[in-house]
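All of these numbers come straight from a predicted model, not from anything done at the bench. Just follow the structure's listing: the first ligand is 1, and inside any ligand the first atom is 1. As a basis for the values below, the full set of heavy atoms in this structure was taken, side chains included, without hydrogen atoms, waters or symmetry mates. For reference, positions follow the sequence shown, starting with 1.
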Amino acid sequence: MAKIIDGREISRKTRESIKERTAGFIEKYGRAPGLAVVIAGDDPASQIYVRNKSKACEEVGFGSEVIRLPAEVSEAELLSVIEKLKIDEKTDGILVQLPLPRGLNPKVIIDAIPPEKDVDAFHVSNVGKIMLGEKCFLPCTPAGIMKMLEVEGISVDGKECVVVGRSNIVGKPMAMLLLQANGTVTVCHSHTANLKDITSRADILVAAVGKSKFITEDMVKEGAVVIDVGMNRDENGKLTGDVDFEAVEKKASAITPVPGGVGPMTITMLLENTLFAAELSVNNN
Ligand code: GUN
């Protein structure tokens, strides 16, 4: 039976440390780190994510502001909101919740966020830095996964790492972070031939596909570490991952559950990035 990697517990401990560092920041600089979250439209999943992000900010002592815009907001209006946040001294981090309503180009919007306030690490300049291994914000979900591996004492060095999924938010940056940790990394996607042959080689398997129970027991090597990034709803509305947990758990050496695995870590790393942005801001002013 696999060790269940408890993302809630790792998050709780990490957030405790962020809370203490935040108290120190407030004492030293007389203000709290601040995150502004911009949400356009009323996508129900996005509403929940945004609520959880602002609650997490309050719990560690950050200032948080949620700017709600209608789905019909124009690109110019959204850009002007970002322009105001750009010069707002109490806003250290700016996050525009994705997906944006149809008609808005996420690339234009994300690249309008100043890189030093881009706590999602989605701006082209931060993506370039991640590629080069330069110090910058780390994308929240992949960074959360690296943190879980570190806390669990799972070394990536020299390991066969397989990432299933090539999104800009998870798959691609995940591959970069594993590579920087000296893993031998393969990225698989919907056009990959012989997927099972490749996933079966993995010492560390990261599933970020967006399909319920896509990774079955026959695709996993005995003793592998399995990280499930999936957040899917099954036919009964139940939250499920990308991994067939019940079957894979018997074969893996460690596995993240859904819920309670990667999900809580994503918001925790957003808090880390916001505190880092605040530290950057006070050191540059
Ligand atoms: N939508 C789903 N995940 C994310 C995320 O990590 N950041 C933003 N901005 N939007 C998202």
Side-chain angles (χ1 to χ4, degrees), residues 7 11 14 34-57 62 64-69 71 73 78-79 81-82 85-86 91-102 104-127 130 136-148 163 165-174 176-177 206-211 227-233 239 241-242 256 258-259 261-274 276-277:
S11 264
T14 312
L35 176 70
V37 178
V38 182
I39 177 167
D42 48 15
D43 176 68
S46 293
Q47 299 283 345
I48 295 171
Y49 290 141
V50 166
R51 200 176 325 126
N52 289 342
K53 284 169 187 175
S54 99
K55 199 167 140 234
C57 281
F62 291 180
S64 95
E65 182 186 6
V66 179
I67 297 159
R68 295 178 193 281
L69 302 168
V73 67
L78 186 45
L79 289 173
V81 168
I82 295 172
L85 293 171
K86 203 168 162 174
T91 299
D92 298 294
I94 304 173
L95 180 152
V96 177
Q97 186 65 27
L98 300 178
L100 285 169
R102 213 173 301 173
L104 291 169
N105 181 347
K107 172 142 183 64
V108 171
I109 304 302
I110 298 298
D111 286 344
I113 298 171
E116 66 279 7
K117 293 193 177 189
D118 169 40
V119 284
D120 263 327
F122 291 170
H123 189 283
V124 66
S125 147
N126 284 323
V127 174
I130 293 158
C136 73
F137 300 110
L138 293 179
C140 300
T141 300
I145 293 170
M146 296 307 285
K147 177 84 183 171
M148 289 174 123
V163 180
R166 56 172 160 178
S167 69
N168 290 336
I169 296 186
V170 182
K172 287 186 210 169
M174 185 75 250
M176 282 301 135
L177 299 192
V206 180
V209 198
K211 287 189 185 145
I227 307 291
D228 191 346
V229 185
M231 292 268 257
N232 315 297
R233 296 271 167 196
L239 191 62
D242 288 348
T256 63
V258 176
V262 174
M265 291 304 293
T266 297
I267 296 188
T268 300
M269 298 328 271
L270 174 68
L271 299 174
E272 279 283 3
N273 281 349
T274 304
F276 179 59

Are the side chains of V170 and V163 in contact, using a 4.5 Å heavy-atom criterion? no
Could you list the donor-acceptor pairs under 3.5 angstrom formed between side-chain atoms of residues 38-46 and any protein atom two or more places apart in sequence or on another chain?
| residue | atom | partner | partner atom | Å |
| --- | --- | --- | --- | --- |
| D43 | OD2 | S46 | N | 3.0 |
| D43 | OD2 | S46 | OG | 2.9 |

Can you list the residues that meet the side chain to side chain contact (heavy atoms under 4.5 Å, CB included) rule with P106, with sequence neighbours excluded? L98, L100
For V37, all residues meeting side chain to side chain contact (heavy atoms under 4.5 Å, CB included), sequence neighbours excluded: L35, V50, L95
Within the heavy-atom cut-off of under 4.0 Å, ligand 1 is lined by K53, L95, V96, Q97, L98, D120, F122
Keeping the roles fixed (side chain from N273, backbone from F137), state whether a donor-acceptor pair exists under 3.5 Å. no
Counting distance only, does the side-chain N/O of K117 pair as donor-acceptor with the main-chain N or O of T91 below 3.5 Å? yes
